[in-house]
Amino acid sequence: MRRGMLGLGAATLPFGWWLAASGLGMTGHMAGHMLAVAVAAPLIAAGLSGTRADPVRRWPRLVTPMGSMLAELVIVWAWHLPAAREWAAVSRGAMVLEQAMYLGAGFALWSAAFAAGNRASGIGALLLTSMHMTLLGALIGLAPRPLYQDMTMHHGLDPLADQQLGGVVMLMIGAASYMAGGLALLARLLMGREARA
């Protein structure tokens, strides 16, 4: 089971990176970003949980749920500033750095949330991440003007429509993934308490 999750997560990454670099505008970028942090990262973290490659086992004081949540918040919001987004859109190196930071931050957060001793704080960290992803997706999708002028799609969407669609992708995949992860961990925590009662 773990190998399957690890393999599926690793197989998802190239497709996400291709989407982010494919010139599909803000929508492609957002789909690639979401595949990294909300699909590949939890699968890889689940596959490596409890093994020697688990960062929580190696650095338990550094990789904590709330610390990792704050690091991901800073990384995600910083890369969505218009200047940083434009840099990643025109520089292959910046795009690789951006995607690597998304994956690393997502992997650290999901790993910390999955750790047995962190269940309660992991739930909180995932639900808070869902909230900040929802807020960022809504701000991007509901902005009255294009924030990312140079990221128009090549199949007829204007910059504002592309940006709105990118915001919807963030809401549908990112916010939903973290919310589902937090609720699944909460259900496991509650079932474990009932079993002990």
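Worth knowing before you read on, the calculation uses all heavy atoms, side chains too, and leaves out hydrogens, waters and symmetry mates.
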>> Ignoring hydrogens, what is the shortest heavy-atom contact between Ala175 and Thr134? Give both atom names and the distance.
In response: CB-OG1, 3.1 Å
>> Counting C-beta onward and ignoring hydrogens, is there a side-chain heavy-atom pair between Ile123 and Leu189 closer than 4.5 Å?
In response: yes
>> How long is the straight-line distance from CG of Leu48 back to CG of Asp54, given to the nearest 0.5 Å?
In response: 7.0 Å
Compile the donor-acceptor pairs under 3.5 Å between side chains in residues 63-82 and protein atoms, sequence neighbours left out, one pair per line.
from, atom 1, to, atom 2, distance (Å)
Thr64, OG1, Gly67, N, 3.2
Ser68, OG, Thr64, O, 2.9
Glu72, OE1, Tyr178, OH, 3.3
Glu72, OE2, Tyr178, OH, 2.7
Trp77, NE1, His132, ND1, 3.0
His80, ND1, Val76, O, 2.7
His80, NE2, His29, NE2, 3.2

> Between the main-chain N or O of Ala45 and the side-chain N or O of Ser111, is there a donor-acceptor pair closer than 3.5 Å?
Replying inline: no
> Do Leu127 and Met131 sit in the same hydrophobic cluster, where Ile, Leu, Val, Met, Phe, Trp and Tyr count as joined when their side-chain heavy atoms come under 4.5 Å apart?
Replying inline: yes
>> Quick check: do Leu139 and Leu147 have side-chain heavy atoms less than 4.5 Å from each other?
In response: no
>> I need the minimum non-hydrogen distance between Gly9 and Ala40, along with the two atoms involved.
In response: O-CB, 3.5 Å
> Just wondering, do Met26 and Ile140 contact through their side chains at under 4.5 Å, heavy atoms?
Replying inline: yes
> Is there a path of hydrophobic side-chain contacts, each under 4.5 Å between heavy atoms of I, L, V, M, F, W or Y residues, that connects Leu186 with Phe114?
Replying inline: yes
> Phe15, Leu13: one ILVMFWY side-chain cluster at the under-4.5 Å cut-off?
Replying inline: no
>> Nearest 0.5 angstrom please: Leu160 CG to Leu165 CG, how far?
In response: 11.5 Å
> Does any non-hydrogen side-chain atom of Arg52 lie less than 4.5 Å from one of Arg58?
Replying inline: no
> Under 4.5 Å between any side-chain heavy atoms of Met133 and Met34, yes or no?
Replying inline: yes
> At their closest point, which heavy atom of Tyr102 faces which heavy atom of Ala36, and how far apart are they?
Replying inline: CB-CB, 4.4 Å
> Do the non-hydrogen side-chain atoms of Trp17 and Leu103 ever get within less than 4.5 Å of each other?
Replying inline: yes
> Same cluster or not: are Met5 and Phe107 linked, directly or through other Ile, Leu, Val, Met, Phe, Trp or Tyr residues, by side-chain heavy atoms under 4.5 angstrom apart?
Replying inline: no
> Considering all heavy atoms of both residues, which atom of Trp110 and which atom of Ala41 are nearest to each other, and what is their separation?
Replying inline: CD1-CB, 3.9 Å
> For Leu126 and Leu109, what are the C-alpha separation, side-chain angles and deciding distance, and is it a side chain to side chain contact (heavy atoms under 4.5 Å, CB included)?
Replying inline: CA-CA 8 Å; Leu126 291 178; Leu109 174 56; 4.2 Å; yes
> Closest heavy-atom contact between Val37 and Pro42?
Replying inline: O-CD, 3.6 Å
>> With a 4.5 Å cut-off on side-chain heavy atoms, are Glu98 and Arg85 touching?
In response: yes
> Which pair of non-hydrogen atoms, one from Leu19 and one from Ala31, has the smallest distance, and what is that distance?
Replying inline: CD1-CB, 3.8 Å
> What is the distance from atom CD1 of Ile44 to atom CG of Leu6, rounded to the nearest 0.5 Å?
Replying inline: 6.5 Å
>> Just verifying a value: how many Å separate Gln163 CD and Leu142 CG, rounded to the nearest 0.5 Å?
In response: 10.0 Å
> Do Ile173 and Leu183 belong to the same hydrophobic cluster, where Ile, Leu, Val, Met, Phe, Trp and Tyr are linked whenever their side-chain heavy atoms lie under 4.5 Å apart, directly or via other members?
Replying inline: yes
>> To the nearest 0.5 Å, what is the distance between CD on Gln99 and CH2 on Trp18?
In response: 13.5 Å
>> For the CG atom of Leu136 and the CE atom of Met170, what is their distance to the nearest 0.5 Å?
In response: 4.0 Å
